[in-house]
Amino acid sequence: MSFGKVKQNIVVLTASNLIIGLIEFVFNMYLSRILGAEGLGLLSLVAPINSLFLSFMTEGLVVTISKMSARYQHYQDYAAMDGMIKISTAFSFLWSVLLSGLVWLTAGPIASGFLGDPSLRYPILSVCPLMILMSISNIVKGHFLGLAKIKIPSAINISEKILRFPILYTLIRFCLNHTDFPPVTLVYLCYAIGEMQSVLLLMIYYKKTLPKSPPQPISLQTVKNTLLPLIRGAAPICLTQCLLESVNAFSSVIVKSRLCSIGYSAAESLSLLGKYKGMVFPLMNYPMILVSSTCSIVVPKVATMMTAGKGRFADRLLLRCLLVAFVIGLFTGAVFWIFADEMGVFFYKQEDLALMIRLSGICSPLLYVTAATTSLLISIGQEAQSFRNSLFQQLLLLIFLILFTGIPALNIYGYIAAAALSNAVLLVQNLYFLKLHRST
């Protein structure tokens, strides 16, 4: 694949992801109307727990499968590729069923003991069907990403996100007043129903696009040859994301507790948390789609170049990816600084978000480049080092959150300061190991 083809795929994936991100952003606005700031704060408590369970099951699979499929396509070994997909799907499905059982056992203690609200067990339990469905879809999505077949899967993903609106509306209309569980539960049931149609369409497209080749018998050795590199590649990425989600869960509880300790009520603390993590944070994440789309195309391409001994071309891709992330961060920061007042009122009908938006915009170049370096470490086979760097950064984040959010003059703005300082340390670490790779 030439640089021109890489650029074309980045443009296609970026465009589709921008559409998906826009739909998700509008959906988040829809949720803010339904749940309010306090409801979004409650969602901010539950979402990291559910994301943690999803991370144990899904994270690392998409990137690892994309790299494996790219290598099989490079050698045109389509029979082995099909066997790899079947084995990976079966393994991921069984793993998701096992984790669903763990969710059923731990939902009650987590809700009452950690989150302090027994009724939140229902939103936690609602993640189980989503986990099982994503165990299949993520394998197939990673496969198509590695083969650079992204148009049809992107269209399927877009249709899934659009369907969330009528699905959630129907669930709220017919279930909300007839059940005792929190409304947040319906949000995750909505996600699961949308994921169901995505899985069906992806499997149909996979069958249609699979090249004709003699079937390869699946032996115990074949299973071993598939699962070992899959686990070896996915495990560090999975651990990194699980670490991020664990800290995310702890950070929400810590921030709420620290805000209460300096005089805010529980409701006020949830509202502040909801305004930052439920409103400003999604604004920051939308331009991040451009960075993640670029990395999604570059990671399997760099991995293939490294395998083929084209290290010089891989280095050029690495530098271009970092430059793209930095430019996107600068542009985002400028937009956030200039239009902060208008953005808070236009998107969320809130007049007190301007300072949060401006400060987040200042941090955007740092955060976007740091995210890019984390992905690029994975592309050069440094998954374990990426995990170690992220572990150190997340520990720093927790320490900074405890220190900064307990200062009355900072309160919720201490979250922004903690994120900026911890990511600055992570960026220095990641750049050091990327430079070390280039010098070898």
Side-chain angles (χ1 to χ4, degrees), residues 1 54-102 131-150 153 195 198-200 202-242 296-297 299-309 375 377-384 386-387:
M1 188 190 302
L54 288 171
S55 297
F56 271 115
M57 187 270 305
T58 62
E59 286 302 327
L61 290 179
V62 173
V63 174
T64 306
I65 290 294
S66 71
K67 291 165 66 175
M68 295 171 70
S69 291
R71 291 192 184 102
Y72 281 121
Q73 185 188 45
H74 180 72
Y75 296 108
Q76 298 184 349
D77 194 352
Y78 298 112
M81 180 192 294
D82 183 48
M84 180 269 293
I85 295 297
K86 291 178 179 177
I87 293 169
S88 301
T89 302
F91 170 77
S92 182
F93 177 78
L94 293 174
W95 178 238
S96 69
V97 171
L98 178 63
L99 285 177
S100 296
L102 180 63
M131 290 172 61
I132 295 173
L133 291 166
M134 288 185 68
S135 69
I136 301 172
S137 67
N138 277 2
I139 296 291
V140 186
K141 287 175 183 176
H143 166 71
F144 287 128
L145 187 62
L147 270 57
K149 294 180 178 179
I150 54 182
E195 192 70 26
S198 181
V199 168
L200 292 174
L202 283 171
M203 293 304 296
I204 292 172
Y205 182 60
Y206 174 76
K207 291 293 185 181
K208 292 289 185 179
T209 57
L210 184 67
K212 299 294 183 181
S213 58
Q216 185 181 72
I218 298 178
S219 62
L220 185 61
Q221 186 63 34
T222 304
V223 173
K224 180 180 178 181
N225 291 340
T226 298
L227 293 185
L228 283 180
L230 177 65
I231 295 173
R232 189 163 49 242
I237 306 172
C238 175
L239 289 174
T240 300
Q241 190 62 35
C242 288
S296 295
I297 297 297
V299 166
K301 180 58 182 174
V302 169
T304 304
M305 285 180 169
M306 298 293 293
T307 302
S375 296
L377 279 178
I378 295 170
S379 71
I380 61 174
Q382 293 291 324
E383 293 91 347
S386 176
F387 169 70

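For reference, positions follow the sequence shown, starting with 1.
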* Atom CE in M203, atom CD1 in I136: separation rounded to 0.5 Å? -> 7.0 Å
* To do: Can you measure from CH2 (W95) to CE (M131) and round to the nearest 0.5 angstrom?
  => 9.0 Å
* side chain to side chain donor-acceptor pair (under 3.5 Å) involving S137 - partner list, sequence neighbours excluded -> E195
* Asked: Do other residues, nucleotides or ligands put more than 12 heavy atoms under 6.0 Å from the OH atom of Y206?
  -> yes
* Does T209 reach the side chain of F144, with side-chain heavy atoms less than 4.5 Å apart? -> yes
* Could you state the interatomic distance from CG (L94) to CG (L99), rounded to the nearest 0.5 Å? -> 11.0 Å
* Asked: So, do M68 and H143 sit near enough that their side-chain heavy atoms are less than 4.5 Å apart?
  -> no
* Which pair of heavy atoms, one from S135 and one from S92, lies closest together, and at what distance? -> O-OG, 2.9 Å
* **Heavy-atom closest pair, residues I139 and I65** => O-CG2, 3.4 Å
* Structure fact -> Between T226 and S88, the two heavy atoms sitting closest are CG2-OG, 3.7 Å
* Asked: For the residue pair K224 and P229, what are the closest heavy atoms and their distance?
  -> O-CD, 4.1 Å
* Asked: Taking atom types as modelled, is there a side-chain donor on D82 or Y72 under 3.5 Å from an acceptor on the other?
  -> no
* Minimum side-chain heavy-atom gap P153-L202 below 4.5 Å -> yes
* Asked: Going through the distances and angles, do S69 and I85 end up as a side-chain contact (heavy atoms from CB on, under 4.5 Å)?
  -> CA-CA 9 Å; S69 291; I85 295 297; 4.2 Å; yes
* Structure fact -> Between the CE atom in M84 and the CG atom in L227, the distance rounded to the nearest 0.5 Å is 11.0 Å
